[in-house]
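This report concerns only the one structure given below.
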There are 2 protein chains.
Amino acid sequence: MGHGGGHLRSVAVTIDHDGALPVYKQLANLLRGQIERGELRPNRPIPAESRLMQIHEVGRDTVRKAIAILREEGLVIAIQGRGTFVKPKDEAE
Amino acid sequence: MGHGGGHLRSVAVTIDHDGALPVYKQLANLLRGQIERGELRPNRPIPAESRLMQIHEVGRDTVRKAIAILREEGLVIAIQGRGTFVKPKDEAE
DNA sequence: AAGGATTTGTGCGTATGTATA
DNA sequence: CTATACATACGCACAAATCCT
């Protein structure tokens, strides 16, 4: 289950500014993929907003909207002054 | 109870999306009433744009257009990074 | 204890795109 | 074509919490 197919599928690793999907949704999908593949590990911080802005060349508003999606999905938790951390799978809401 | 019954109150407290007046003008009227009745007090901030969006279920552009009217009327002053504040009555332009 | 750097939280300023009446 | 309304996107500024020196 999860996001579907277990076989190879092309997961976007770059942001398409002219794509059909809004940039913040693309970024959310990108980060979700990194979490699901373990590239961003549980209880570890994801890159800071300023880093994500640099890496993907987007504004802070876009970064925060993307992270907001992951927060609503319960995938990450943001802590003021510390960072945004990947939740372990068994984390209760 | 709820919204104050059906008294002869000419001041709208809700937004009518199908009303004759544009939503942003309705919202401006609503906020102006709250200021004049002292529900929004001088030198105090009015609810943030994001709050007004949630409360009245309108978009940001609509909120900003409403506030723009109050600014032109000299009722409030918006300060970037801080908020939008009710001007005291004796405030000079 | 004090100060600075980092990071998230909040809020306004502005511009553009899309849809509708 | 214009006015209204919402969504997206970037920028700037300040507050609050945390961390480090």
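The structure displayed is predicted, hence computed values, not measured ones. Chain naming here is simple, since letters A, B, ... match the order of the sequence lines and numbering starts at 1 in each.
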- Note on the structure: Ranking dT4(D), dT10(C), dT14(C) by distance to the side chain of Arg60(B), first place goes to dT14(C)

- Item | Whole-Å distance separating the CD1 atom of Ile15(A) from the P atom of dC10(D) | 10 Å

- Message: Any heavy-atom pair between the side chains of Gln26(B) and His56(B) that's under 4.5 Å?
- Response: no

- Query: Under 4.0 angstrom, heavy atoms only, what part of the nucleic acid is Gly59(A) near: base, sugar-phosphate, or nothing?
  - Reply: sugar-phosphate

- Given dG9(C), is OP1 or OP2 found less than 4.0 Å from the side-chain N or O atoms of Arg71(A)? yes

- Task: Indicate yes or no: at least one non-hydrogen side-chain atom of Arg41(B) is less than 4.5 angstrom from one of Val86(B).
- Result: no

- Message: Would you say Thr84(A) places a side-chain N or O within less than 4.0 Å of OP1 or OP2 belonging to dT7(C)?
- Response: no

- Query: What integer distance in Å separates Lys65(B):NZ from dA3(D):P?
  - Reply: 11 Å

- Message: Checking contacts here: which listed nucleotide (dA5(D), dG13(C), dT8(C)) is nearest the side-chain heavy atoms of Asp61(B)?
- Response: dA5(D)

- Note on the structure: Comparing Ile79(B) with Ile79(A), nearest DNA chain C nucleotide closer to 5' gives the residue Ile79(A)

- Phosphate OP1/OP2 of dC19(D) contacted by Arg82(A) side-chain N/O (<4.0 Å): yes

- Task: Ignoring backbone atoms, test whether Thr62(B) places a side-chain nitrogen or oxygen under 4.0 Å from the OP1 or OP2 oxygen of dT4(D).
- Result: no

- dA9(D) C1' sits how many Å from Leu27(A) CG, rounded? 13 Å

- Query: Once you round it to whole Å, what is the distance between P of dC12(D) and CD of Glu49(A)?
  - Reply: 16 Å

- Report the distance from atom CG of Leu52(B) to atom C1' of dA5(D), rounded to the nearest whole Å. 16 Å

- How about Glu57(A): does its CD atom have over 12 heavy atoms from other parts shown lying under 6.0 Å from it? no

- Query: OP1 or OP2 of dA5(D) less than 4.0 angstrom from a side-chain nitrogen or oxygen of Tyr24(B), does that happen here?
  - Reply: no

- Task: State, to 0.1 Å, how close Lys87(B) and Ile77(B) come at their nearest heavy-atom pair, and which atoms those are.
- Result: CE-CB, 3.9 Å

- Query: Expressed in angstrom and rounded to an integer, what is the separation of Gln54(A) atom CD from dG11(D) atom C1'?
  - Reply: 15 Å

- Message: Rounded to whole Å, please give me the gap between CD1 in Ile46(A) and P in dT6(C).
- Response: 19 Å

- Query: Quick one: which of dT7(C), dC10(D), dG13(C) gets closest to the side chain of Ser50(A)?
  - Reply: dT7(C)

- Item | N/O (side chain, Arg64(A)) to phosphate O (OP1/OP2, dG9(C)) under 4.0 Å | yes

- Return the value, rounded to whole Å, for the distance between atom CE of Met53(A) and atom P of dC12(D). 9 Å

- Item | Residue met sooner reading DNA chain D from 5', once Val63(B) and Leu21(A) are mapped to nucleotides | Val63(B)

- Query: Hey, are the side chains of Ile67(B) and Leu52(B) touching, using non-hydrogen atoms and a 4.5 Å cut-off?
  - Reply: yes

- Minimum side-chain heavy-atom gap Asp61(A)-Tyr24(A) below 4.5 Å: no

- Note on the structure: Looking only at dG9(C), dG13(C), dA9(D), the nucleotide nearest the Gln80(A) side chain is dG9(C)

